[in-house]
There are 2 protein chains.
Amino acid sequence: MSISSRFAVGVHILTLIEFNKEGVSSSEYIAASVNTNPALIRKIVGMLKKAKLVEVHPGIAGAKLAKNLSEITLLDVYKAVDVVQDNELFNIHENSNPQCLVGRNIQDAIAPILATAQLALEKVLSGVTIEDIVQDIINKEEQNRER
Amino acid sequence: MSISSRFAVGVHILTLIEFNKEGVSSSEYIAASVNTNPALIRKIVGMLKKAKLVEVHPGIAGAKLAKNLSEITLLDVYKAVDVVQDNELFNIHENSNPQCLVGRNIQDAIAPILATAQLALEKVLSGVTIEDIVQDIINKEEQNRER
DNA sequence: TATGGTTGTAATTAAAATGGTTACAGGTAA
DNA sequence: TTACCTGTAACCATTTTAATTACAACCATA
């Protein structure tokens, strides 16, 4: 089990748009960097558009960021590409036996803990912006050039 | 995407063993509460055994807790049934284009953040024990009786 | 030592999720 | 009109998952 790569790809897309802000970030251009199919990129870009993270128009090539870099958090992306619907990161076994003391209560006993855990995860994501990612990549490239 | 129900079932099993500590918790008995197949229970119990959370022996009916209730955290269970291998809760798109500035750096830029997020989630799980679950269920039953 | 019941596990199946792909309608601009 | 783009539906292949079947190995006891 693991969280869909759409999330990572979403971050990739937004970061790439920023680095290419003087140019045209068409789905084909983005697909070349992510190394996948343009249609798949359009699908994810469509999700980012619905979440108002990017601007993109039918027939017109290229996507642009719809917000300031520092205003887009990884949590925004995470929710935009809805890898996980609310409170359903964990799979709870549904069909416990209601005639059993444990069976009829276990679900309600565990659920709030799992929700808390999920929130903790999301809080970390909310503390990082695309700007942080961009800066990190710039730093990494500089370090490589020094060697 | 979501975390395997093995985790929830694992917690269910340990809790049930505790409530039935005077009796014999055979795989069939447990399966009746979880409402699934005994073989599946044996598989998960086997994982709990490997993690030294329960004691169970071939040919002898019944599983027992191998530790004190308060010493078994949900994180122990989570790791025991290995729903997620270390640092792989998130799926990172693997094949980014190394000729692209973003493509060759995005993975390393994101990875530590995802690891931090995963750790935050696990920390929450480490703060809850099976004892807490047991107590919670007792409370819930009392509340129901009062109504 | 036979018997009934249990754990452990390999093999299989069915269903669901996932990523990827193709195809094409509809839009834009030159 | 033409060339190119986005948006999307439909489809496919692969993997994952839970569930199931089947059986070997094991134990306690009559």
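Residue numbers start from 1 in every chain, and the chains themselves are labelled A, B, ... in the order their sequence lines are given, proteins ahead of strands. Only a predicted model underlies this, so the values are computations on that prediction, with no experimental measurement involved. Just the heavy atoms: all of them, side chains too, but no hydrogens, waters or symmetry mates, feed the values below.
- In this structure, the side chain to side chain contact (heavy atoms under 4.5 Å, CB included) partners of B:T116, at least two apart in sequence or on a different chain, are A:V124.
- Residue A:R6 places none of its side-chain N or O atoms closer than 4.0 Å to OP1 or OP2 of C:dT18.
- Relative to the side chain of A:P58, the nucleotides D:dG7, C:dA29, D:dA18 differ in distance, and D:dG7 lies closest.
- Near-neighbour residues of DNA chain C inside residues 29-46 of chain A, defined by a heavy atom below 4.0 Å, number-ordered: A:T36, A:N37, A:A39, A:L40, A:R42, A:K43.
- Distance B:I60 CD1 to D:dC27 C1': 6 Å, rounded to the nearest Å.
- Taking side-chain N and O atoms only, A:S27 has no distance below 4.0 Å to OP1 or OP2 of D:dC5.
- Evaluation of the side chain to side chain donor-acceptor pair (under 3.5 Å) rule for A:S33 yields A:H12 as partners, not counting sequence neighbours.
- Distance CD (B:E55) to P (C:dT7): 15 Å, rounded to an integer number of Å.
- The side-chain heavy atoms of B:R104 and A:K140, taken from C-beta on, include no pair separated by under 4.5 Å.
- A:L40 places none of its side-chain heavy atoms less than 4.5 Å from the side chain of A:V34.
- In this structure, the CD1 atom of B:I13 is 12 Å from the P atom of D:dA18, given to the nearest Å.
- Toward the 5' end of DNA chain C, the nearer of the two residues B:K49 and A:G59, judged by each one's closest nucleotide, is B:K49.
- A heavy-atom distance below 4.5 Å is not found between the side chains of B:T129 and B:L69.
- Listed here is the closest heavy atom pair of A:V56 and A:G62: CG2-O, 4.0 Å.
- Distance CG/A:L53 to OG1/A:T73: 8.5 Å, rounded to 0.5 Å.
- Between B:S26 and C:dT7, a side-chain N or O to OP1/OP2 separation shorter than 4.0 Å is absent.
- Summarising the geometry, the separation between CE on A:M47 and P on D:dT8 is reported as 11 Å, rounded to the nearest angstrom.
- In this structure, B:L48 places its CG atom 14 Å from C1' of C:dG8, rounding to the nearest Å.
- A straight line from CD of A:E28 to C1' of C:dG20 spans 17 Å, rounded to a whole angstrom.
- Residue B:K50 is classed as having no contact, given no heavy-atom separation below 4.0 Å to the nucleic acid.
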